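Taking it in order: structure first as structure tokens, then the write-up.
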Amino acid sequence: MCMYGYCRISTKQQSIDRQIRNIKGSYDKVVIIQEVYTGTKQDRQEWNKLYKKAKAGDTIIFDSVLRMSRNADEGFCLYEELYHKGIELVFLKEPHINTSTY
């Protein structure tokens, strides 16, 4: 079982440090995946690699649900897909939607 932290910023002018600090502060043994890409598109290189690599029993941690998706419909479909694959999703700022709660 692997634990991944997915951190994404939209532009190089932004800082990803806060997301990394928040995730590492709660899960110190997490493998951080970083990406600079808009959240309006689901087709992101590092996200696609993580999506293909993650398997049942793994956990993906996000600082916020907006790091996974900004589009509610796409985000919900992705959430459901990962949930049904047995992948735990953790959202530090929105714990009420963690898959362990669902």
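None of the values given here were measured: they were computed from a predicted structure. The residues of the chain are indexed from 1 along the displayed sequence.
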Q | Parallel, tilted or perpendicular: rings of F76 and Y79 (30°, 60°) | A | parallel
Q) Where is the tightest heavy-atom contact between I87 and A56, given as atom of each residue plus distance? A) CG1-N, 4.3 Å
Q | Audit row: C7, I23, side-chain contact (heavy atoms from CB on, under 4.5 Å) steps and yes/no | A | CA-CA 9 Å; C7 301; I23 292 172; 3.7 Å; yes
Q. Do K24 and D28 have side chains that get closer than 4.5 Å, going by heavy atoms?
A. no
Q | Within-4.5 Å side-chain heavy-atom neighbours: R8 and I16 | A | no
**Q.** Heavy-atom check, side chain of I32 versus side chain of Q34, under 4.5 Å
**A.** yes
Q: Using modelled atom types only, decide if a donor and an acceptor are shared between the side chain of T99 and the backbone of Y83 within a distance under 3.5 Å.
A: no
Q: Considering non-hydrogen atoms only, spot the tightest contact between R67 and Y6 and give its length.
A: O-CE2, 3.3 Å
**Q.** Side-chain touch F91/H96, heavy atoms, less than 4.5 angstrom
**A.** no
Q) Hey, which of D63, L92, V90 is the one that makes side chain to side chain contact (heavy atoms under 4.5 Å, CB included) with S26? A) L92
Q | Taking every non-hydrogen atom, the tightest pair across G75 and S69 | A | N-OG, 3.5 Å
Q. Which pair of non-hydrogen atoms, one from Y27 and one from M3, has the smallest distance, and what is that distance?
A. CD2-SD, 3.4 Å
Q. Taking only residues at least two apart or on different chains, which pairs with a member in residues 47-59 satisfy salt bridge (Lys or Arg N to Asp or Glu O under 4.0 Å)?
A. E46-K49, K55-D58
Q | cation_pi(K93, F62) dist<6.0 Å, angle<=45 | A | no
**Q.** side-chain contact (heavy atoms from CB on, under 4.5 Å) between L82 and Y51, intermediate numbers included
**A.** CA-CA 8 Å; L82 293 167; Y51 180 82; 3.7 Å; yes
Q: Can you sort out the partners of T11 under side chain to side chain contact (heavy atoms under 4.5 Å, CB included), two or more places apart, ordered by chain and number?
A: Q13, Q14
Q: Show the numbers, then the answer: is there a side-chain contact (heavy atoms from CB on, under 4.5 Å) between Y37 and Q45?
A: CA-CA 9 Å; Y37 204 87; Q45 185 177 0; over 6 Å; no
Q) Where is the tightest heavy-atom contact between A54 and I60, given as atom of each residue plus distance? A) CB-CD1, 4.2 Å
